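Nothing here was measured: the structure is a model prediction, and the numbers come from that model. As the structure lists them, so they are numbered: ligands from 1, and atoms in each ligand from 1.
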Amino acid sequence: LVQPISVFKGLEGVYVTESALSLIDSENGVLYYAGYDVKELVERSSFEEVVFLMLHQRLPTSSEFTEFLKLLRRSQELEPIHIETIRKYAGVTDILSLLAMLIVLEGRGKIGGNSNDFNAAVNAVAKMGSFFSTIIRVRYGGDYIPPRRDLSFPENLLYMMNGEVPSREHADVLDDLLILHAEHGIPASTFASLVAASTLSDLYSSIAAGILALKGPLHGGASEASYAQALSIGSVEKVPEWVQLTLSEKKKIMGFGHRVYKIYDPRATIVKNIIARFMGSMNSEVKKVYEITRALEEYGEKYLASRGIYPNVDLWTPILYRMIGLPADSFTALFAVSRTAGWVAHILEYWRENKLIRPLHLYVGERPRKYIPLELRTGS
Ligand code: ACO
């Protein structure tokens, strides 16, 4: 008897592992990291504390946090091999690809499978931040600035990029964005990391797999795509016609839709609340993108909400990224810096009971047939 076989395209609805890291309550629109509402973490915690939370599934005591920060700060310093690689490639490749290259370099000689390798996990998060800032700095004609031990992770990120200690406001916005993107279950990038890790590849190479899965516009690349989309629409007046045309051509509106949320993405609400605090201080470009995005949200929802397609976090984040001075081609890379916290935590968690990830495909090709030598083939 032939059993009916189900194929789950895109692994939609398939549970591939257990995890204690995050809970997406997609009915009520709440995201929890190890039991903490991400909204509360954004309001009261820091990215650094969230990295600890991800790795240990609990918040640190103050002495643990002091030790943790020492390790993180030390690990933020780059070595000559990183700096030379950045100098060589920053001008010739996109930021995300170079991040992947550098993290692979960091993994040279390392082996995978150690679920207690917290130091490597912290080192990966720290290095990603410094890689990000230094790539951007070198691209704009500057050179490596070592991190300062008296600055927080987001402060150092902006300091190493710009050469100036950022304002409290900008550092706080960046901290919020880093927290918001730190973890989100098993999207394509985290799954890619887990697939690599499940072969017992090293931690850093597994992160590289995650980084590269962020590149496309359907996942990590959506914020850059959504920003470019707003600029190409050009004005608020053109939004209604643009939405109608885009949907009639069966194209997607970037920054809308989500595999898990069929309601408004709670992270988008948090981002919008942060934006509201800065309405008075936006420059003209950011203000224009803000107005277009607002109209896009209104008209997009009008047509798509009935199908469970709502704005996601990436519709709104470009406004904050630009507001704190990030280049328009660096948004996805910043996402990678933040999500490294989630990737490393998932990888260590998975290695506790590692199982090679090896799904199946349902074969629909030719039946077995004979090989005909080239000279005897007739072409039909
Ligand atoms: N605009 C218009 N139509 C959409 C959109 C959208 N943004 N998203 C989904 N749809 C439509 C599809 O065209 C499709 O229509 P059809 O049934 O008539 O063919 C239907 O909804 C299902 O779409 P899928 O892409 O198969 O649904 P899925 O659950 O895989 O979608 C996804 C999730 C890929 C994120 C999708 O909504 C999308 O492409 N959005 C735009 C890109 C984006 O913003 N991605 C960021 C997601 S958040 C993150 O990764 C951080």
For residues 96-106, which side-chain N or O atoms pair as donor and acceptor with protein atoms under 3.5 Å away, sequence neighbours left out?
unit_1 : atom_1 : unit_2 : atom_2 : d
Ser97  : OG     : Asp94  : OD1    : 2.6
Ser97  : OG     : Asp94  : OD2    : 3.0
Ser97  : OG     : Lys215 : NZ     : 2.8
Glu106 : OE1    : His82  : NE2    : 2.7
Glu106 : OE2    : Asn123 : ND2    : 2.9

Which protein residues have a heavy atom under 4.0 Å from ligand 1? Pro217, Leu218, His219, Ala222, Leu247, Lys251, Lys252, Ile253, Met254, Gly255, Phe256, Gly257, His258, Arg259, Lys262, Leu304, Arg307, Ile309, Asn312, Asp314, Phe335

When you measure from the side chain of Asn156 to the backbone of Arg148, do you find a donor-acceptor pair of N or O atoms at a distance under 3.5 Å? yes

No-hydrogen, no-angle side-chain donor-acceptor test under 3.5 Å, Ser189 and His219: yes

Set of residues satisfying salt bridge (charged side-chain N to carboxylate O under 4.0 Å, His left out) with respect to Glu237, sequence neighbours excluded: none

Look at the rings of Phe52 and Phe68 and say which category their plane angle falls in: under 30° parallel, 30 to 60° tilted, over 60° perpendicular. perpendicular

Kindly list each side-chain donor-acceptor pair under 3.5 angstrom involving residues 306-313, sequence neighbours excluded, with atom names and distances?
unit_1 : atom_1 : unit_2 : atom_2 : d
Asn312 : OD1    : Asp314 : N      : 2.8
Asn312 : ND2    : Gly257 : O      : 2.9

